[in-house]
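No hydrogens, no waters, no symmetry mates; every other heavy atom, side chains included, goes into these values. Within every chain, numbering begins at 1; the chains are lettered A, B, ... in the order of the sequence lines, protein sequences first and strands thereafter.
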Amino acid sequence: MPRPEVQAPPEIFYNESEARKYTTSSRIIEIQSRITERALELLALPNDGVPKLLLDIGCGSGLSGETLTEQGHHWIGYDISKSMLDVALEREAEGDLLLADMGQGLGLRPGVIDGAISISAVQWLCNADKSCHNPRLRLKAFFGSLYRCLARGARAVLQFYADNVKQSEMIVTAAMRAGFAGGVVVDWPHSSKAKKSYLVLTCGPPSLNSSLPKGKGQDGAMCSDDDESDDGSGDEDGAQTVGIYERNRPKKRQKTKKNGKGKAWLLNKKEQLRRRGREVPADTKYTGRKRKSYF
Amino acid sequence: MRLLTHNMLASNARGAVTGYPLKLQVVKWSTKEVEPNPEFLRGMLPKIDWPALVAATQALGLPELLPEAPPTDAELSAEGAAADEGSALRRLHRALLEIHIEEGALVCPDTDRCFPISRGVPNMLLHEDEVRN
């Protein structure tokens with residue numbers, strides 16, 4: 001199956017049947033809540049027990065919001081898919097839901113939000129699904145409005161799946177242009193399935209606490225949770241090198257100088273062989289001389 | 001949608017200067033009781049746009065719920081405020097977190113663009129020609 005981003009625009013891809021999966025698949029629920037917990041950890045909210053007002057961008061069916069509610073926070077969820085929001089209403093999500101396109105800007109008053117998370121949503125901005133869409137402008141509108149609505153020193157943690165390095169660069173550059181400090185934290189970088197990238201952004205000037213946290217499993221440790229790879233392809237997690245068939249390997253070309261090795265090399269070689277006690281023809285005026293061209 | 005969110009939300013349409021505050025048209029609203037949390041309300045109070053909140057409660061038909069001036073920090077942290085039904089804390093809590101707007105619309109003050117609310121979810125999607133960039 002190709003990735004959802006290349007199949008259809010989000011408001012069409014997440015139709016009723018696709019949204020239904022999010023209420024029934026315990027695997028999706030498990031993974032989503034685990035990512036949200038990690039995002040909250042990276043968000044590093046002050047540990048004073050006071051609930052905060054957070055944003056959940058691309059909240060979908062409210063799975064990530066459930067984790068936020070469990071921690072006691074109030075949240076406002078954005079999503080572009082009506083079907084997903086309907087599922088969220090069915091699940092009785094505690095936060096307020098908005099049907100909106102993040103590429104059009106968030107539309108919030110400046111400096112009122114204490115933090116933002118986003119689970120697997122930002123990469124959708126890299127697509128141009130309509131002729132009027134310009135990914136760069138949409139990323140600019142999104143990060144610009146996010147920067148404005150966050151309070152000074154607030155953080156945003158955006159988990160995303162970039163299709164390639166260029167997409168990832170484009171997202172990070174847009175965030176930096178908007179004025180954010182921060183960068184990408186990669187968890188389990190050596191694993192193909194458990195690998196997750198988090199864009200950790202701090203609003204306002206860089207300070208001591210805006211240094212990037214370390215990703216998990218960067219020292220080569222493998223993700224120990226087996227349910228990430230429970231569908232029978234667990235061994236690919238450990239594979240780090242890819243074998244090449246012998247016949248496909250390109251042949252090494254031997255480097256040769258155009259004029260051969262030269263008289264000095266030849267004399268040296270003969271001397272070496274003589275020292276080893278081999279029978280070598282004596283050095284004469286013909287040794288190592290050039291052949292005539294017609295030879 | 002709670003009034004807390006309404007208080008934060010602004011119109012994003014092209015032509016809107018600030019797009020704030022969005023005028024509230026209410027068809028149906030409901031109340032869901034939540035446990036009050038004085039710390040959250042105290043932290044939230046400086047961020048609330050008080051006139052917009054008062055205007056929203058008036059649009060709901062509850063003019064006596066909130067006073068003209070915002071409550072002070074002392075009023076919110078007074079002993080037993082969380083238990084007393086009529087205290088400033090409980091009124092603020094009710095206005096911000098317990099009232100849910102189910103059906104209605106939000107109207108941009110600058111452009112008169114209408115954002116409908118259905119089943120408690122405002123539709124903030126803009127058409128191609130309304131996007132600002």
Heavy atoms of other groups near [X] [atom1], more than 12 under 6.0 Å:
{"X": "B:E68", "atom1": "CD", "value": "no"}
{"X": "A:E37", "atom1": "CD", "value": "yes"}
{"X": "A:R136", "atom1": "CZ", "value": "no"}

Checking [X] against chain A: side chain, backbone, both or neither under 4.5 Å from a heavy atom?
{"X": "B:L97", "value": "side chain"}
{"X": "B:N37", "value": "side chain"}
{"X": "B:D49", "value": "both"}
{"X": "B:T5", "value": "both"}

Straight-line distance of [X] [atom1] to [Y] [atom2], nearest 0.5 Å:
{"X": "A:C149", "Y": "B:M8", "atom1": "SG", "atom2": "CE", "result": "10.5 Å"}
{"X": "B:R2", "Y": "A:E94", "atom1": "CZ", "atom2": "CD", "result": "8.0 Å"}
{"X": "B:N123", "Y": "A:L85", "atom1": "CG", "atom2": "CG", "result": "9.5 Å"}
{"X": "A:D101", "Y": "B:L126", "atom1": "CG", "atom2": "CG", "result": "8.5 Å"}

(request) Find out whether B:V121 and A:L98 are in side-chain contact, i.e. whether some heavy atom of one side chain is under 4.5 Å from a heavy atom of the other. (result) no
[options]: which one forms the most heavy-atom pairs within less than 4.5 Å of chain B?
{"options": "A:I80, A:L106, A:I76, A:I113", "value": "A:I76"}
{"options": "A:D114, A:V50, A:D96", "value": "A:D96"}
{"options": "A:C132, A:A100, A:P51", "value": "A:P51"}
{"options": "A:H74, A:E11, A:H133", "value": "A:H74"}

Under 3.5 Å: donor-acceptor pair, side chain of [X], backbone of [Y]:
{"X": "B:E39", "Y": "A:G49", "result": "no"}
{"X": "B:N12", "Y": "A:Q104", "result": "yes"}
{"X": "B:R119", "Y": "A:L89", "result": "no"}

(request) Tell me, for A:L53 versus chain B, whether the close heavy atoms (under 4.5 Å) come from the side chain, the backbone, both or neither. (result) both
(message) Is A:K140 close to chain B through its backbone or its side chain, or both, or neither, when contacts mean heavy atoms under 4.5 Å?
(response)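 No part of A:K140 comes within 4.5 Å of chain B.
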(message) To check you understand the geometry: which heavy-atom pair defines the closest contact between A:R109 and B:K47, and what is its length?
(response)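 Scanning both residues completely, I find the closest heavy atoms to be NH2-O, 2.7 Å.
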(request) Could you tell me which non-hydrogen atom of A:L97 sits nearest to which non-hydrogen atom of B:P122, and how far apart they are? (result) O-CD, 3.2 Å
(message) Can you tell me which of B:I48, B:I117, B:N7, B:V34 forms the most heavy-atom pairs within a distance under 4.5 Å of chain A?
(response) B:N7
